[in-house]
Amino acid sequence: MLIDSHTHLEMPDFKKDLEVVIQRAKESGIEYIFTVGTEKKDWKRALEIANSHSSIYAILGVHPHNAKEIDDQTYPMLKELCRDGKVKAYGEIGLDFFRNLSPREIQLRRFREQIGLAKKLGLPIVVHDREAHQETLEILKSENAEECGGIIHCFSGDYEMAKVCIDMGFYISIPGSITFKNAERLREIVKRIPLESLLVETDAPFLTPEPLRGKRNEPSYVRYTAQKLAEIKKISFEKVAEVTTKNALRVYKLL
Ligand SMILES: [Zn+2]
Ligand SMILES: [Zn+2]
């Protein structure tokens with residue numbers, strides 16, 4: 001049994017065969033899927049998918065790419081939608097200084113605000129950090145994010161960053177890119193992070209793991225990431241599945 005702790009089933013990439021994808025995940029032993037609606041047009045769809053499948057939960061928030069689209073109606077709408085019992089976290093929120101699709105100062109401000117909102121809602125946060133490790137850490141600390149805790153998804157920082165986040169009550173989520181040939185640095189870091197702090201995710205339709213790289217990613221492929229994790233840590237696949245599942249259930253308050 002495995003959990004795909006972070007995916008995007010509401011994206012158009014799954015429009016044609018969503019039910020087949022969900023069925024395939026079930027048959028591969030994926031017990032739960034957490035689908036992340038990252039912008040206004042996706043929230044209702046994510047919630048709809050969660051509400052029509054017992055194995056799927058939703059995560060809602062405004063992605064740093066879309067931070068510039070936040071207006072007066074955004075937070076009231078999110079507050080309303082997040083009241084649904086199928087919403088288990090707030091996100092993904094954070095900073096993306098790689099693509100910079102929203103101006104940096106807006107990303108910083110909206111990240112802070114959304115941590116505050118998640119705390120009010122009593123939800124853990126899902127953090128997206130790309131090329132903004134220092135600023136992400138600063139904001140997590142200054143906004144007392146340990147009060148909500150959550151997940152650093154698609155982790156790309158160094159071991160010291162992982163350690164600080166874990167000490168604040170965060171989990172570190174590992175995507176399929178850990179299987180890539182050039183991911184030696186990430187593998188070395190993951191080797192040092194205790195299994196008790198790790199989750200696995202696909203971030204589908206993105207980041208398809210080896211040996212399927214090039215194809216669209218989907219939740220059933222999370223097993224390749226778990227397999228790689230077992231290899232890196234020299235433990236059994238079953239152990240990785242058991243502990244990462246327990247970790248995900250704990251952070252999403254399903255235990
Ligand atoms: Zn992300
Ligand atoms: Zn994502």
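Keep in mind it's a predicted model, so treat the numbers as computed, not measured. Note: hydrogens, waters and symmetry copies are ignored here, and every other heavy atom, side chains too, is used.
- Two residues are said to be in side-chain contact when any heavy atoms from C-beta on lie closer than 4.5 Å; F111 and T136 meet this criterion.
- The shortest distance between side-chain heavy atoms of E31 and L2 does not fall below 4.5 Å.
- Sequence neighbours left out, not one pair with a member in residues 171-227 passes ring-ring contact (aromatic ring centres under 6.0 Å, His included).
- In summary, K40 and E69 do not engage in a salt bridge, as defined by a charged side-chain N under 4.0 Å from a carboxylate O.
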One pair to check against side chain to side chain donor-acceptor pair (under 3.5 Å): H53 and E19. What are the steps and the verdict?
CA-CA 10 Å; H53 299 86; E19 294 307 320; 2.9 Å; yes

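- Donor-acceptor pairing under 3.5 Å is lacking for the side chains of E231 and Q227.
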Would you please test K233 and V240 for side chain to side chain contact (heavy atoms under 4.5 Å, CB included) and show each step?
CA-CA 9 Å; K233 291 195 163 291; V240 169; 5.9 Å; no

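- Contact check for T225 versus T202: no side-chain heavy atoms found under the 4.5 Å cut-off.
- The pair D17-R216 meets the salt-bridge criterion, with a side-chain N (NZ, NE, NH1 or NH2) lying under 4.0 Å from an Asp/Glu carboxylate O.
- Counting heavy atoms from C-beta on, the side chains of M161 and D129 come closer than 4.5 Å.
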Stepwise side chain to side chain contact (heavy atoms under 4.5 Å, CB included) check, L108 with I106
CA-CA 5 Å; L108 292 162; I106 294 179; over 6 Å; no

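- At most 12 heavy atoms of other shown residues, nucleotides or ligands fall within 6.0 angstrom of atom CZ in F98.
- Within a 6.0 Å radius of NZ in K215, other residues, nucleotides and ligands contribute 12 heavy atoms or fewer.
- Shown here is D167, whose CG atom has more than 12 heavy atoms of other residues, nucleotides or ligands within 6.0 Å.
- The CG atom of N217 sits 10.0 Å away from the OG atom of S177 when rounded to the nearest 0.5 Å.
- Side-chain contact check for R213 and T179: no donor-acceptor pair (N or O, by modelled atom type) lies under 3.5 Å.
- To the nearest 0.5 Å, the span separating CZ on R45 from NZ on K15 amounts to 8.5 Å.
- Among residues two or more places apart in sequence or in another chain, the ring pair (Phe, Tyr, Trp, His ring centres under 6.0 Å) test is passed with F34 by Y57, Y252.
- There is no path of hydrophobic side-chain contacts, each under 4.5 Å, that joins I151 to L123.
- Side-chain atoms of K228 do not come within 3.5 Å of backbone N or O of P209 as any donor-acceptor pair.
- Under the 4.5 Å side-chain heavy-atom criterion for Ile, Leu, Val, Met, Phe, Trp and Tyr, I235 and L229 are members of the same hydrophobic cluster.
- Looking only at side-chain heavy atoms (C-beta outward), E218 and T208 stay at 4.5 Å or farther from each other.
- Applying the ring pair (Phe, Tyr, Trp, His ring centres under 6.0 Å) rule to H63 yields the partners H65, H128; only residues at least two apart in sequence or on another chain are considered.
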Validation: residues 189-200 side-chain donor-acceptor distances under 3.5 Å, sequence neighbours left out:
residue : atom : partner : partner atom : Å
K191    : NZ   : E188    : OE2          : 3.4

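- Side-chain contact, T74 with D71: a donor N or O sits under 3.5 Å from an acceptor N or O.
- With S28 contributing its side chain and S220 its backbone, the two residues share no donor-acceptor pair below 3.5 Å.
- Cluster annotation: L95 and F155 are assigned to the same hydrophobic cluster (Ile/Leu/Val/Met/Phe/Trp/Tyr, side-chain heavy-atom contacts under 4.5 Å, transitive).
- Judged by distance alone, the side chains of E201 and S173 do bring a donor and an acceptor atom under 3.5 Å apart.
- Judged by the 6.0 Å and 45° rule, R130 forms no cation-pi pair with F97.
- No continuous path of ILVMFWY side-chain contacts below 4.5 Å connects I30 to L249, so the two sit in separate hydrophobic clusters.
- Considering only residues two or more places apart in sequence or on other chains, N51 meets the side-chain hydrogen bond (donor to acceptor under 3.5 Å, both in side chains) condition with D84.
- Here D203 pairs with H6, H8 under the side-chain hydrogen bond (donor to acceptor under 3.5 Å, both in side chains) rule; sequence neighbours left out.
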Checking E80 against R83 for the salt bridge (charged side-chain N to carboxylate O under 4.0 Å, His left out) test, could you report, in this order, the C-alpha distance in whole Å, the side-chain angles of both residues, the deciding distance, and whether it holds?
CA-CA 6 Å; E80 183 65 35; R83 251 188 245 152; 3.6 Å; yes

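- Note that the NZ atom of K88 and the OH atom of Y32 stand 10.5 Å from one another [nearest 0.5 Å].
- Under a cut-off of 6.0 angstrom, the local environment of NZ in K119 is crowded, with over 12 non-hydrogen atoms contributed by other residues, nucleotides or ligands.
- Between I125 and I93 the shortest side-chain heavy-atom distance falls below 4.5 Å.
- In this structure, CD in Q107 is found 9.5 Å from CD1 in I139, a value given to the nearest 0.5 Å.
- Of the possible polar contacts, one joining the W43 side chain to the G61 backbone as a donor-acceptor pair under 3.5 Å is found.
- No more than 12 heavy atoms of other residues, nucleotides or ligands lie within 6.0 Å of NZ in K44, so this atom counts as exposed by the packing criterion.
- I3 and I33 are assigned to two separate hydrophobic clusters, defined by single-linkage of ILVMFWY side chains at heavy-atom distances under 4.5 Å.
- Under the 3.5 Å distance criterion, with hydrogens and angles disregarded, no donor-acceptor pair is assigned to the side chains of H133 and E160.
- One N or O on the side chain of R187 and one on the backbone of I178 form a donor-acceptor pair closer than 3.5 Å.
- Atom CD in E10 sits 10.5 Å away from atom CG in L47 (nearest 0.5 Å).
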Y75 vs Q114, test: side chain to side chain donor-acceptor pair (under 3.5 Å). Steps then yes/no.
CA-CA 9 Å; Y75 295 150; Q114 292 191 89; 4.7 Å; no

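- The NZ atom of K16 sits 13.5 Å away from the CG atom of L18 when rounded to the nearest 0.5 Å.
- In this structure the side chain of E131 never reaches within 4.5 angstrom of the side chain of D96, judged on heavy atoms.
- Counting only distance, with no hydrogens or angles, the side chain of T35 and the backbone of I49 share no donor-acceptor pair below 3.5 Å.
- Between P219 and L9 the shortest side-chain heavy-atom distance falls below 4.5 Å.
- Between E27 and R24 no salt bridge is recorded (no basic side-chain N to carboxylate O distance below 4.0 Å).
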May I have the step-by-step check of side chain to side chain contact (heavy atoms under 4.5 Å, CB included) for S102 and N66, ending in yes or no?
CA-CA 6 Å; S102 284; N66 307 92; 5.7 Å; no

